[in-house]
Amino acid sequence: MKLPSHLRSNVLHGLLIACMGVALTAAAQPRTGRSMRGLKATVEAAHGAYSLTSPDGAASLKNASITVKANHQWLSAQDYSKPTVKEISFRGELGSGHAWTVTYSGDAQRPTLRYELRVYANRPFADLQVTVLNSTAQALTVQDMRPVSAEAASALNLGGPEAEERVLSDSFSEDRPEMQIRDFDNPKDQMHLGVGSQLIYNRASGQSLFFGTLTSNKFLTILRLHVAGDGADTHFASFEVDNAGTTELTRDYSLRHAPQDDLVELSVPVAPGHALSSERLLVSLAKDYHAQLETYGGIIHTLHHARVSPPPPMGWWSWTAYYAQLTQQEALTDAKWMAANLKSDGYKYFHVDEGYSVARGDYLTPMSSRFPDGMEKFEKKLQALGLTPAIWTAPFEVSDQAWVYQHHKDWLLHDYAGKPIQLTGSHMPGGQAIYVIDSTNPGAQAYLRKTYSTMAKQWGIRAIKLDFMEDSCIEGKYYRAGTTALEAQRIGLGIIRSAVGDGVLLDKDGSVMLNPVGLVDMGRISQDTSHRFHGIKAAATGIAARYYMNHNFFLTDPDAFMISRGEGNRVLSLDEAKVSIALAAVAGGMFEIGDKLPELAAEPERLALLKNPDLLAMVHLSKASFPVDLMTYRPEDLQPSVFLLKENARQSMLTVFNWTDDARTHNILLSEIGLKPDGNYTMQNILDGKQIQRCKGCEIPLNLAPHSVAMIKIVQEGAAGSRSHQ
């Protein structure tokens, strides 16, 4: 579990890592290429296939090609004569390098296809983009553009046995599907499916292949690693990256059980003489997967001007305390207790979740039986207590009980049969039929502006959760013709941002990771936690796997933590409560309590966790802890378990979880997690205050009970330093 050198030196390698520098190699004809230092790339002049190879030649993606689905038919290189290949040097916003433009000329029946492969001098990646030019005289529609299609069994080679590979696939949202790191031979339905990005890592060779979309303008980027066989006979079959609509994902979730008319296949029109481009895709082959992920995060920050400046909000939210049953009196009781007991420790945000309004999509109308004074008066009472009001919405969902549905069905998204599309998935609230607001409709846009400006400017709301955006990211017939689901979401988010202004924090909860970047301040990276250990455990992989997004995509939201004992079938032991709050701390972002607060007064050991100075220092630092064993965790540990946070030059925080039902032992050599082997260290478990040992370059023996965590503060004696901020 050794840290890479870039972290040991505490240098943010970001976009410049010499050992992963990108280059080309000279190649004999019929290949065309150029020699530089680093990654090797070649393009076949005969048919336009491209290959990428790691600098040491140990890993490669070979003979990949592009395909396009236009007018509902797949087109590939085999449908065209020999392509035209042009090479140029370029300089762009990510640096300079060399590019190939490969063109498959069309005719009266087929459009022209083109792709551009760019590699960068002293950069750890290449990127790809496909373009369709309508060179015909007829209207054209495009359903899918595939910048990567690798079908040969030998196309992917990571320098070690396939049985040693693990696959980290990002998902349609933080929990669609639940985030998991899968062994190569343990796919779902013979496929590792990813959305946005995918990392394939070989534990024997240390080589990895990473793909990540750089843009989210129109299309959803879907990655599929297909395998054949099973068990010991599992082997690589094919790989593809698609730029398509969202229907492939929504049909399994919000459109489950939907009629066929509502499962709209995206078809983007391209007029004669016009062109349409795919999203740009980053590709990296290297031997430092942490560096690949962090480099990708840094690029997204640069390209999309991410909003990452706010300090991490600390406070309370209502959902896991009361779920949808919160009342005004209960909320005020918790608010007064928080103001009296926790505000001085930094807990100020008071977040009212779903249940306050009469219906989804009708957030300005409170449920009078629960909030009889109305939300504006309630929020003013919070402000009088010195608390910061925060609230939940599902911005693009509309219930059949909402004003919009009752009076303006024309503001809803329709299928091509002219019927509003109803969301039918298992996550829909009972008793309500849910529809999607069309954010391209002027009337719907005015309604969004009024809703969110009222919350921000009249009620005084300072943070707003934007939930269920993956459910409402639906392809259909938008008011603005030719709009895709991802475009519509960005349009709606832009309206909301404009309505609330820059002083209100927006928290994306339920969407693909990249699409909201630049418009929101915070983003959920894990599935919902719960007052049960299995819910906390399930959320942990997303927090570990998306650590690089903190302060690159947005400030991360790891969901609320729970520390109270609970009741009924929702009970946490004290060890499990420590796991919950520690997991939130290692995320480095939002820090919200999910308990009924007055109950903590009778549980001093649990209340003390909220005031633990070392935990609070981690929160204020706002840096994600480094997941040491993200792709190398021991099988018996079930999932990543070891995290390290370098708080300053002399102090680090080591967090080790036991996710299993059995006692676990970890022996961690300090030199293997990036600490100086000749340093003198003192160590303390911050959760129980016990000194562990004082040693020089020692090994830390940790014996962890089931469902527990150890948080070890490691201080190098005699080393100067102060806390640094990311």
Side-chain angles (χ1 to χ4, degrees), residues 69 72 141-144 171-178 188-189 191 193-195 218-222 224 242-268 354 359-362 393-402 404-406 408-441 444 466-492 509-512 515 527-528:
K69 191 176 184 181
H72 304 281
T141 60
V142 174
Q143 290 74 46
D144 196 331
S171 49
F172 185 46
S173 71
E174 63 271 7
D175 60 356
R176 308 285 178 85
E178 175 184 315
K188 182 179 180 181
D189 301 324
M191 177 174 63
L193 176 68
V195 175
K218 283 181 176 289
F219 301 103
L220 190 67
T221 299
I222 305 171
R224 304 184 196 87
D242 281 334
N243 280 201
T246 63
T247 304
E248 178 180 345
L249 280 300
T250 56
R251 71 168 67 242
D252 291 333
Y253 297 102
S254 56
L255 292 182
R256 190 185 305 168
H257 315 304
Q260 190 61 41
D261 283 348
D262 288 357
L263 301 175
V264 176
E265 182 183 24
L266 180 66
S267 291
V268 181
E354 186 172 19
R360 286 193 185 176
D362 221 343
T393 65
F396 309 125
E397 291 195 344
V398 174
S399 162
D400 60 355
Q401 301 170 26
V404 167
Y405 183 85
Q406 298 292 334
H408 277 289
K409 293 184 180 67
D410 56 310
W411 292 357
L412 303 178
L413 177 63
H414 290 66
D415 60 26
Y416 281 88
K419 179 175 62 68
I421 296 177
Q422 180 182 345
L423 305 183
T424 57
S426 61
H427 289 263
M428 300 303 105
Q432 296 185 46
I434 304 295
Y435 299 86
V436 178
I437 198 165
D438 180 353
S439 60
T440 71
N441 185 294
L466 308 172
D467 206 351
F468 293 115
M469 290 195 290
E470 79 277 72
D471 279 346
S472 52
C473 196
I474 303 297
E475 306 297 349
K477 185 179 181 181
Y478 285 91
Y479 179 89
R480 193 187 80 171
T483 300
T484 72
L486 289 179
E487 283 182 299
Q489 186 180 97
R490 286 284 298 184
I491 290 169
D509 186 356
S511 76
V512 294
N515 205 48
Q527 66 181 69
D528 286 3

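Just so it is clear, the structure is predicted and the values come from calculations on it, not from any experiment.
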Tightest non-hydrogen contact, residues Q422 and L255, listed as O-CD2, 3.8 Å

Whether T424 side chain and A258 backbone form a donor-acceptor pair below 3.5 Å
yes

Work out which heavy atom in V436 is nearest to a heavy atom in L423; give both atom names and the distance.
CG2-CD2, 3.7 Å

Closest heavy-atom pair, T484 versus K218, reported as atoms and distance to 0.1 Å, is OG1-O, 2.7 Å

Side-chain donor/acceptor of N515 to backbone N/O of L486, under 3.5 Å
yes

Applying side chain to side chain donor-acceptor pair (under 3.5 Å) between R176 and each of D471, D252, T250, report the one that passes.
D471

Given side-chain contact (heavy atoms from CB on, under 4.5 Å), test L266 with F219 step by step and report yes or no.
CA-CA 9 Å; L266 180 66; F219 301 103; 3.8 Å; yes

With side-chain hydrogen bond (donor to acceptor under 3.5 Å, both in side chains) as the criterion, how do E397 and S399 come out once you've worked through the C-alpha distance, each side chain's angles and the decisive distance to 0.1 Å?
CA-CA 7 Å; E397 291 195 344; S399 162; over 6 Å; no

Taking D189 for the side chain and M191 for the main chain, is one N or O donor matched with an acceptor at less than 3.5 Å?
no

Could you grab the distance from atom CD of Q489 to atom OG of S472, nearest 0.5 Å is fine?
6.5 Å

For the atom pair CD1 (I421) and CD (E475), what is the distance rounded to the nearest 0.5 Å?
9.0 Å

Look only at the side chain of D438 and the backbone of Y479, and say whether a donor-acceptor pair between them is shorter than 3.5 Å.
yes

Rounded to the nearest 0.5 Å, what separation is found between the CZ atom of F468 and the OG atom of S173?
10.0 Å

Rounded to the nearest 0.5 Å, what's the gap from OH on Y435 to CG on L413? Could you check?
12.5 Å

Measuring only between side-chain heavy atoms, which start at C-beta, is D242 closer than 4.5 Å to K69?
no

As a quick check of understanding, evaluate side-chain contact (heavy atoms from CB on, under 4.5 Å) for D262 and I474, giving each step before the final call.
CA-CA 9 Å; D262 288 357; I474 303 297; over 6 Å; no

Is it true that atom NZ of K188 has more than 12 heavy atoms of other residues, nucleotides or ligands lying nearer than 6.0 Å?
no

Tell me if a side-chain donor or acceptor on T247 pairs with a main-chain N or O of V264 at a distance below 3.5 Å.
yes

Do E248 and D144 have side chains that approach each other closer than 4.5 Å (heavy atoms only, starting at C-beta)?
no

Are F172 and Y253 near enough that their ring centres are under 6.0 Å apart?
no

Any side-chain to backbone donor/acceptor pair from S511 onto M469? Under 3.5 Å, distance only.
no

Short side-chain to backbone donor-acceptor contact, E354 and T393, under 3.5 Å
no

Heavy-atom closest pair (R360 atom, I434 atom, distance to 0.1 Å) is CD-CD1, 4.2 Å

What's the shortest heavy-atom distance between H414 and K409, and which atoms?
CE1-O, 3.1 Å

Can you confirm whether more than 12 heavy atoms, excluding those of K419, are under 6.0 Å from its NZ atom?
yes

Closest contact, heavy atoms only, E470 versus D175
OE2-OD1, 3.8 Å

Any donor-acceptor pair under 3.5 Å from T246 side chain to C473 backbone
yes

